[in-house]
Amino acid sequence: MAQLIADRRDIDFVIWEQMKGEELIAYDMYADFNRKTCDMIISEARKLAINEMLPTLQEGDRQGIRYEKGVVKVPDCFHRVHKLLLEGEWGNLQVPIEMGGQGAPGLVSSAAVEYFMGANWPLYVYASMGHGTADMIEKYGTEEQKKKYIKPIISGKWGGTMLLTESSAGSDVGALTTTAVKNADGTYSLTGSKIFITDGEFDLCENIIHPVLARIEGDPPGTKGISIFIVPKFLVNDDGTPGERNDIICTGTEEKMGIHASATCGMSMGSKGKCVGYLLGQERQGIKIMFNMMNGARMATGLQGLAYASSAYMLAVNYARERLQGRDLSDFMNPAAPSVPIIKHPDVRRNLLWMKSYVDGMRSFFYYMAACQTRALLSASEAERELCNDMFELMTPLIKDYLSVHGHEVCIQAIQVFGGAGYCKDYPVEQYARDCKITSIVEGTSGIQAMDLLGRKLGMKKGQVFMAFLGEINKVVARAKGIQNLEGLAQNVQTTANRLGEIAMHLGQKAMSAEFKTAFAHSLPFLEAMGDTIMGWMLLWRAVIASEKLACNTCSKKDTSFYQGQIKTAEFFIRTLLPVTLGKMEAIKDTCPAAIEIDDDGFGGL
C-alpha cells in the first residue's frame with residue numbers, strides 16, 4: 001500500500017535500529033514508555049495526520065487566513081481538527097509532565113511531529129507554537145509567572161509567540177527600537193512595532209502570550225542593552241482567567257509565497273500608551289533568554305524542511321509507480337511496445353534515488369540530534385553527556401540550514417517527476433515547494449547559520465568538538481570497513497571527512513587573519529560541504545546496519561528489499577554526490593576573494 005507523508009518502515013528503522021531507541025527509553029524518565037507504547041503513539045499520530053489533518057492542507061492553503069479589523073481568522077476547516085489536536089494533547093507530546101505535557105521520548109515525538117508537519121504545518125503550529133514561550137518562562141520566570149502562564153499555554157488553550165523582528169532590525173537584533181519604561185508598580189509600558197510574527201493573532205485560542213524584546217529606557221545600545229518582557233494579549237486575572245485587553249494589536253498580515261494558512265502578523269504595542277509588560281528574567285538578559293528558544297526553533301525548522309521533503313518524495317515515488325508514459329528504453333524502437341510506469345525510466349529512477357538519499361540522510365541526521373538531546377540530559381556518563389551536548393551545539397546550524405535548503409530542493413525535484421501536472425494545484429507537490437521555501441529564511445537565513453558555524457562552532461573548545469565530530473564519523477567508517485562490499489564506500493566517506501578537517505583548519509585560520517571577510521564569504525559553501533559529509537556518514541551507517549541484518553539470513557522478503565534499498569541509497573550518494581563535495585572543498589581551499597574585492601558598482605544594474 002502506498003504511504004503518505006513518511007515511510008513508516010524507515011522511521012522505525014531509524015528509531016529502533018539505527019538510534020537504538022530502546023536504550024533511550026530505558027531511562028527512568030521514560031518509565032511509563034516501552035516500545036509497544038511508542039509504536040502505538042506513532043501509529044495514532046500517523047492516523048490523525050493522514051485522516052484528519054492532510055485533507056485540510058490544500059483547502060487551508062486556498063482559503064488562507066483573513067484579517068478583519070484586528071482579528072485574524074484561520075481557514076474554516078481548521079477549527080474541528082484543531083480541537084482534535086488539543087483533545088488528544090498532541091501539541092505537547094514531548095513537553096515534560098511537570099509542565100503539563102506528555103513527557104514522551106524525543107525520538108517518538110519527533111516521529112509524530114514529522115507526520116503532523118508534513119500533513120499540515122500551519123494547523124499543527126497553532127496547537128504547539130507556545131512551547132518555546134512556556135519553556136522560557138519555566139527557565140527564567142518567577143514562580144508567579146510560571147503558575148499564571150505555563151499550563152494554559154502548554155494545553156493549547158492559550159497561544160505563545162516570539163516578538164523579535166522589526167522592519168529596521170531583522171538579523172541585527174541589537175538595532176531594535178521597541179522601548180520599555182518602568183512603572184511604579186514594577187510593570188513596564190512598552191512602545192514599538194514588530195513584523196513577521198508567526199501566529200501573532202488568530203481565533204483558535206482565548207489568549208496569546210507574547211515574549212517581546214525591547215530596550216529599557218536609558219539602557220545601552222546594541223544587544224547588551226536588550227531585555228525581554230511577557231506581554232499578554234489579555235491581562236491575566238488573579239484567578240487565571242483572561243481580563244482586560246492589553247494595548248497590543250495586530251496591524252495586518254503578510255501575503256506570502258506559501259504557508260497561506262499561517263498567520264504572519266505585524267504587531268503594534270502602546271498605540272494608546274497602555275501596553276503592559278512584565279520583565280522576564282533579569283534586565284539586559286533578553287538575548288541570552290531568547291537564544292534559549294532559538295535552538296529549539298532551529299531544530300523545529302529543520303524538521304519542517306525534512307517533513308516537506310519526505311511528503312513530496314512519497315507523492316513522487318507513488319506517482320512514478322502509477323503514471324504510464326513512454327516505452328521502456330530497451331523497447332524504445334518498437335512502436336507496438338506498451339507504455340510503462342515512469343519509474344522504469346533511467347532518469348526518473350536517478351531522480352527518485354537522489355531524493356531518497358537526501359530524505360533518508362536528513363531523517364537520520366535529525367533523529368541523531370534528537371537522541372543527542374536525550375543523552376545529553378539523561379546519560380549516567382558525564383563523558384557521554386558532554387559529547388552529546390557538544391555534538392548538538394556544533395551541528396545545530398546544519399540541522400536548521402541543510403535540512404531546510406535540501407528539503408526545498410527535494411520538493412522541487414518532486415515537481416519534476418510529476419512534470420507539468422506537478423506545477424498545477426491538482427497535486428500538493430507545488431504547495432510543498434512553496435511552503436518549504438520559508439524554512440531557509442526563518443530563524444536565521446543560510447548566511448546567518450554559516451557565520452554561526454564558522455565564527456562560533458568550529459572553534460568550540462579550541463577545535464576539540466569538531467575533532468570529536470570527525471571521530472564519530474570514523475567509528476562508523478571502521479565498522480563499514482569490516483563488511484564486504486562496503487569497504488569502498490567507507491574509504492570514500494573517510495577521505496571526505498579527512499578533507500573536511502583540513503578545509504576547516506584552513507578556513508579557521510583565514511577567519512583569524514586579515515582575510516577574515518574572504519573566509520566568511522566561503523562559510524556557506526563550507527556548511528554545505530559539512531552537511532554533505534554528514535549525509536555520507538548517516539547513509540553509510542544505515543548501510544552497515546542493513547548489511548548486518550541481511551547477513552543473518554532471517555529477513556522477510558519485504559525487509560530484504562528495504563535493507564537492500566538502504567545499501568543502494570548509500571552507494572548512490574557516496575559514489576555520485578560525495579565526489580562533488582570534494583570539488584566544493586577544493587574551491588573553498590582556493591578561497592577566491594572576488595566576492596569581497598568586487599566594487600559595489602561592479603555588480604551592475606546601475
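In this chain, residues are counted from 1 in sequence order.
- Heavy-atom contacts from other residues, nucleotides or ligands closer than 6.0 Å to NZ of K568 number 12 or fewer.
- The local environment of CD in E548 is crowded, with over 12 non-hydrogen atoms from other residues, nucleotides or ligands closer than 6.0 Å.
- Across every non-hydrogen atom of L85 and Y124, the tightest pair is CD1-CA, 4.3 Å.
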Run the numbers on R8 and S43 for side chain to side chain contact (heavy atoms under 4.5 Å, CB included), then give the verdict. CA-CA 9 Å; R8 176 60 191 276; S43 294; 2.9 Å; yes
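- Residue E52 is tested with K83, K47, R46, R80 for a salt bridge (charged side-chain N to carboxylate O under 4.0 Å, His left out); the sole match is R80.
- For K151, there are no salt bridge (charged side-chain N to carboxylate O under 4.0 Å, His left out) partners at least two apart in sequence or on another chain.
- Taking all atoms of both residues into account, the shortest heavy-atom contact from E138 to I150 is OE1-CD1, 3.2 Å.
- Residues S547 and L486 approach most closely at OG-CD1, 3.5 Å, considering heavy atoms.
- Take H82 and apply the side-chain hydrogen bond (donor to acceptor under 3.5 Å, both in side chains) test, not counting sequence neighbours, and it matches no residue.
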Would F202 and I65 count as a side chain to side chain contact (heavy atoms under 4.5 Å, CB included) here? Give the steps. CA-CA 9 Å; F202 61 101; I65 52 108; over 6 Å; no
Report the C-alpha separation of D401 and S446 in whole Å, then their side-chain angles, then the decisive distance to 0.1 Å, and conclude whether the side chain to side chain donor-acceptor pair (under 3.5 Å) test is met. CA-CA 6 Å; D401 190 66; S446 297; 2.5 Å; yes
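- Partner of E144 under the salt bridge (charged side-chain N to carboxylate O under 4.0 Å, His left out) criterion, out of K148, K146, K147: K148 alone.
- Side-chain contact between K457 and M530 is absent, with no heavy-atom pair separated by less than 4.5 Å.
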Decide yes or no on side chain to side chain contact (heavy atoms under 4.5 Å, CB included) for L123 and F116, but give the supporting numbers first. CA-CA 9 Å; L123 175 56; F116 294 151; over 6 Å; no
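- A 4.5 Å side-chain heavy-atom check between Q564 and T560 finds at least one atom pair inside the cut-off.
- Within a 6.0 Å sphere centred on OH of Y563, heavy atoms belonging to other residues, nucleotides or ligands number more than 12.
- Atom CG of D28 sits in a sparse spot, with 12 or fewer heavy atoms from other residues, nucleotides or ligands closer than 6.0 Å.
- Not a single donor-acceptor pair under 3.5 Å links the side chain of Y319 to the backbone N or O of A414.
- Residues R375 and L24 meet the side-chain proximity criterion, which asks for heavy atoms closer than 4.5 Å.
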Between Y140 and Q285, does the side chain to side chain contact (heavy atoms under 4.5 Å, CB included) criterion hold? Intermediate values first, please. CA-CA 10 Å; Y140 298 99; Q285 294 295 307; over 6 Å; no
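- With R363 as reference, D10 is the one residue of D12, D7, D10 to meet the salt bridge (charged side-chain N to carboxylate O under 4.0 Å, His left out) rule.
- In this pair, F573 and Y358 present their aromatic rings perpendicular. The plane angle is above 60°, beyond the 30 to 60° band.
- Using a 4.5 Å heavy-atom threshold, the side chains of E528 and H406 count as touching.
- Comment: K400 does not engage D452 in a salt bridge, judged by the lack of any side-chain N to carboxylate O separation of less than 4.0 angstrom.
- Using modelled atom types, one side-chain atom of N318 and one backbone atom of Q3 make a donor-acceptor pair closer than 3.5 Å.
- When all heavy atoms of A468 and L387 are compared, the pair lying nearest together is CB-CD1, 4.0 Å.
- E409 places no side-chain N or O within 3.5 Å of a backbone atom of A309 that could act as its donor or acceptor partner.
- Side-chain contact check for Q94 versus H131: every heavy-atom pair is 4.5 Å or farther apart.
- Considering only heavy atoms from C-beta on, N295 comes within 4.5 Å of E393 through its side chain.
- When all heavy atoms of M99 and I154 are compared, the pair lying nearest together is O-CG1, 3.5 Å.
- Without hydrogens or angle criteria, T56 side chain to M53 main chain gives a donor-acceptor distance under 3.5 Å.
- Looking at R434 and C411, their side chains never come closer than 4.5 Å, going by heavy atoms from C-beta outward.
- Side-chain contact between I473 and V493 is present, with heavy atoms from C-beta onward closer than 4.5 Å.
- Each of R9, R542, R35 was scored for a salt bridge (charged side-chain N to carboxylate O under 4.0 Å, His left out) with E17, with one residue passing: R9.
- Side-chain atoms of T264 never come within 3.5 Å of backbone atoms of F196 as a donor-acceptor pair (strictly under, hydrogens ignored).
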Kindly indicate, with the supporting measurements, whether the criterion salt bridge (Lys or Arg N to Asp or Glu O under 4.0 Å) is fulfilled by K549 and D559. CA-CA 9 Å; K549 294 288 186 179; D559 275 349; over 6 Å; no
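- In terms of heavy atoms, N92 sits closest to S155 at ND2-CA, 4.3 Å.
- With ring centers used as reference points, F469 lies under 6.0 Å from F466.
- T569 places no side-chain N or O within 3.5 Å of a backbone atom of S357 that could act as its donor or acceptor partner.
- Heavy atoms of other residues, nucleotides or ligands lying less than 6.0 angstrom from CD of E382 number 12 at most.
- Panel note: side chain N237, backbone D239; no donor-acceptor pair is recorded below 3.5 Å.
- L164 contributes atom CG, which lies 5.0 Å from atom CG of L213 (distance to the nearest 0.5 angstrom).
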Which pairs of donor and acceptor atoms, one on a side chain in residues 531-538, lie under 3.5 Å apart (sequence neighbours left out)?
unit_1, atom_1, unit_2, atom_2, d
D532, OD1, Y402, OH, 2.5
D532, OD2, T581, OG1, 2.8
D532, OD2, K584, NZ, 2.8
T533, OG1, A529, O, 2.8

Could you walk me through whether E114 and Y367 pass side chain to side chain donor-acceptor pair (under 3.5 Å), step by step? CA-CA 11 Å; E114 185 180 343; Y367 285 52; 2.8 Å; yes
